[in-house]
Amino acid sequence: MLALDYASQWQVALACSVACALVCETIGVAFARWTAKQPWWERALPIMRQTCYNFGFSKEPSPEFPDGTSDAIVLDLWSAVNAHVVVHFVCGGLMIPVIVAGAW
């Protein structure tokens with residue numbers, strides 16, 4: 001059973017945050033490797049690049065982006081977004097027993 005004191009709650013929150021970050025990073029790297037090999041990625045790349053521009057990424061090289069918005073940056077953003085989608089789907093799925101049971 002978890003302790004209910006303030007310090008213990010912070011420790012649990014920190015542990016959950018670290019675990020979530022590791023899972024997201026692992027899924028993101030795997031998703032990037034998989035996506036780069038797909039034949040449709042070449043068609044999706046310009047669309048995703050435009051999405052990056054819409055979110056404020058630089059079209060030209062800048063101090064923040066020395067290579068501009070490179071293919072690697074676009075792929076990294078694509079995989080990070082999809083990794084978070086997977087994590088949210090799994091976390092939401094863990095709520096199904098609570099919804100079915102009708103109680104916490």
Side-chain angles (χ1 to χ4, degrees):
M1 184 107 188
L2 294 174
L4 297 177
D5 63 290
Y6 191 70
S8 294
Q9 291 176 8
W10 274 106
Q11 290 171 352
V12 170
L14 178 62
C16 289
S17 297
V18 169
C20 187
L22 290 173
V23 168
C24 281
E25 188 62 28
T26 303
I27 292 171
V29 168
F31 196 77
R33 286 182 186 155
W34 177 81
T35 300
K37 296 175 187 175
Q38 300 307 308
W40 51 262
W41 178 241
E42 290 301 317
R43 294 186 311 275
L45 186 60
I47 298 166
M48 191 61 192
R49 186 181 314 278
Q50 183 60 49
T51 302
C52 291
Y53 297 153
N54 292 344
F55 280 99
F57 284 73
S58 176
K59 291 184 180 184
E60 302 297 325
S62 66
E64 295 85 15
F65 301 102
D67 298 328
T69 304
S70 66
D71 291 354
I73 289 174
V74 175
L75 181 61
D76 190 45
L77 181 65
W78 169 267
S79 61
V81 167
N82 283 291
H84 283 85
V85 167
V86 169
V87 169
H88 278 83
F89 181 77
V90 169
C91 291
L94 294 173
M95 291 299 296
I96 291 174
V98 175
I99 294 168
V100 171
W104 187 252

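Hydrogens, waters and symmetry mates play no part in the numbers below; they use all other heavy atoms, side chains included.
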Quick check: do [X] and [Y] have side-chain heavy atoms less than 4.5 Å from each other?
X: Cys20; Y: Cys16; result: no
X: Trp41; Y: Val74; result: yes
X: Val86; Y: Asn82; result: no
X: Thr51; Y: Trp78; result: no

Exercise. Say you draw a straight line from CH2 of Trp34 to OG of Ser79; how long is it, rounded to the nearest 0.5 Å?
Worked result: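 So the gap between those two atoms works out to 12.0 Å.
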Exercise. What distance do Arg49 atom CZ and Ile73 atom CD1 have between them, rounded to the nearest 0.5 Å?
Worked result: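 Output value for this atom pair is 9.0 Å.
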Problem set entry | Those residues that, when tested against Trp10, pass side chain to side chain contact (heavy atoms under 4.5 Å, CB included) (two or more places apart) |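 Partners of Trp10 under the side chain to side chain contact (heavy atoms under 4.5 Å, CB included) test: Tyr6.
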Closest non-hydrogen atom pair between [X] and [Y], with its separation:
X: Gly28; Y: Ala83; answer: N-CB, 3.7 Å
X: Pro66; Y: Pro61; answer: O-CB, 3.2 Å
X: His84; Y: Ala80; answer: ND1-O, 2.8 Å

Check: [Y] main-chain N/O paired with [X] side-chain donor or acceptor under 3.5 Å:
X: Gln50; Y: Pro46; answer: no
X: Asp76; Y: Ala72; answer: no
X: Thr69; Y: Ser58; answer: yes

State plainly whether one hydrophobic cluster holds both [X] and [Y], where clusters connect Ile, Leu, Val, Met, Phe, Trp and Tyr through side-chain heavy atoms under 4.5 angstrom apart.
X: Phe31; Y: Val87; answer: no
X: Leu75; Y: Phe55; answer: yes
X: Leu77; Y: Val29; answer: no
X: Leu45; Y: Trp40; answer: yes
X: Met95; Y: Phe89; answer: no

Problem set entry | CD/Gln38: more than 12 non-hydrogen atoms of other groups inside 6.0 Å |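 For Gln38, atom CD is crowded (more than 12 foreign heavy atoms under 6.0 Å).
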